[in-house]
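First comes the structure, then the notes that go with it.
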Amino acid sequence: MRVTALAGGTGAAKLLRGLAACLPPEDLTVIGNTGDDTEVWGLHVSPDLDTVTYALAGRLDVERGWGLAGDTFRALEAMAGLGADTWFNLGDRDLATHLFRTRALRRRRPLSRITADVAQRLGVAARILPMSDDPVRTRIRTPDGWLGFQEYFVREKAQVEVLEVDYEGAADASPAPGVVPAIRDADLVLVCPSNPVTSVGPILAVPGIVEALGTARGVVVAVSPIVGGEAVSGPAGALMRARRLAVSPEGVATAYAPWLRALVLDRRDAPSAGALRARGLTPVLADIVMTDRRSEIALARRVLDARG
Ligand code: FO1
């Protein structure tokens, strides 16, 4: 069964690990958010592409949810000693990925080719595609002005009020090669339990992707990142409110309407099932919160069964 997953952030990595245990890896394509991309010390960092790649390579630092397991931070210490910004922590081995990517980008190699190079070198058989090879940057408007996503999420620890979210560059971006066919031709398209506004939103903002979702030949299923009225992790609640979305399974359904067919929600949110059915969606109850490998695989199996 060919599965295409739209992914971003830490919630996605757990489910993708579960999926990789249930599918032949060559049947899995992941379309990664690049709205979180940022420049650190002159290097191009693609956090969501790296998190997905590291997760599928079995190399992710699962405690942090980003970076490489067992990494050291000697270069970071040395940069601090030189007075450089160090609020965004780059590990020593993680740096190699950013050096490799930045050098290739300077040689005008497309991000999609670079992402495939890194995945192949790390032994990942699944296909990982950036949503676009063109620059798209999520920006957050606060009472003190606009912030880049990492300034908001990491430097300010998401503790500032969100007035608006913008996907700069999205209107002029095109889906990366392979993205539209991967959505259109999959047996199952899965929206991972990622932040609907800043992890999935940028993907949907790339012209052509929502149309592909609307004409997908397979079932389009999302896993709710909201359980019991709040985000399982991260600032999804605040960002959904900024987008006037209810922080609930219904709000997730609104964010993904009209192309979503089924929504996997936590058993605690069973009361939302009726409202979802009334909107023509198939609610699928599951244990959404993944705390270990067993629960990651259990949720992945539940999602694959949701195909009906
Ligand atoms: N998240 C943090 O909260 N603090 C960090 O210092 C940090 C560094 C970092 C380095 C590389 C990378 O790929 C991700 C990193 N992240 C960090 C996570 C990053 O903010 C992602 O955008 C989030 O995972 C949300 O997508």
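We use all heavy atoms of the structure for the numbers below, so side chains are in, but hydrogens, waters and symmetry mates are not. Counting starts at 1 for both ligands and their atoms, in listed order. Numbering starts at 1 and runs along the sequence shown.
- In summary, Asp166 and Arg141 do not engage in a salt bridge, as defined by a charged side-chain N under 4.0 Å from a carboxylate O.
- Atom 26 (O) of ligand 1 has Asp36 OD2, 2.7 Å as its closest protein atom, hydrogens excluded (heavy atom only).
- At the shortest separation from atom 5 (C) of ligand 1 among protein heavy atoms lies Trp66 CZ2, 3.4 Å.
- The protein heavy-atom contact nearest to atom 11 (C) of ligand 1 is Asp94 OD2, 3.5 Å.
- Atom CD of Glu151 is separated from atom CH2 of Trp146 by 12.5 Å, given to the nearest 0.5 angstrom.
- Close contacts of ligand 1 with Phe153, meaning ligand atoms under 4.0 Å from a residue heavy atom, involve 20 (O), 23 (C), 25 (C).
- Between His98 and ligand 1, no N or O atom pair is found at a separation short of 3.5 Å.
- What sits closest to atom 20 (O) of ligand 1 on the protein, heavy atoms only, is Gln150 OE1, 2.7 Å.
- From the protein, the heavy atom lying nearest to atom 13 (O) of ligand 1 is Pro47 CA, 3.3 Å.
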Practice task
Determine, stepwise, if the pair Asn195 / Thr198 fulfils side-chain hydrogen bond (donor to acceptor under 3.5 Å, both in side chains).
Solution key: CA-CA 6 Å; Asn195 184 316; Thr198 55; 3.2 Å; yes
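- Shortest contact from atom 24 (O) of ligand 1 to any protein heavy atom: Thr10 CG2, 4.2 Å.
- Shortest contact from atom 6 (O) of ligand 1 to any protein heavy atom: Asn89 N, 2.9 Å.
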Practice task
Give the intermediate values and the outcome of side-chain hydrogen bond (donor to acceptor under 3.5 Å, both in side chains) for residues Ser112 and Asp133.
Solution key: CA-CA 6 Å; Ser112 48; Asp133 282 334; 2.7 Å; yes
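- Shown in contact with Trp87 at under 4.0 Å from a heavy atom are these atoms of ligand 1, numbered in order with element: 6 (O).
- At a threshold of 4.0 Å, the pair Arg109-Asp117 counts as salt-bridged, since one of the basic side-chain nitrogens sits closer than that to a carboxylate oxygen.
- Listed by atom number, the atoms of ligand 1 under 4.0 Å from Asp48 heavy atoms are 26 (O).
- The atoms of ligand 1 that sit less than 4.0 Å from any heavy atom of Val154 are 1 (N), 2 (C), 3 (O), 4 (N), 5 (C), 6 (O), 20 (O).
- Ring geometry for Phe149 against Tyr152 counts as tilted: the plane angle lies between 30° and 60°, on a 0 to 90° scale.
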Exercise for the section: Kindly determine whether Met131 and Val136 satisfy side-chain contact (heavy atoms from CB on, under 4.5 Å), including the steps that lead there. Expected result: CA-CA 9 Å; Met131 65 193 201; Val136 178; 3.5 Å; yes
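- Summarising the local packing, CZ of Arg279 is surrounded by more than 12 heavy atoms from other residues, nucleotides or ligands at distances under 6.0 Å.
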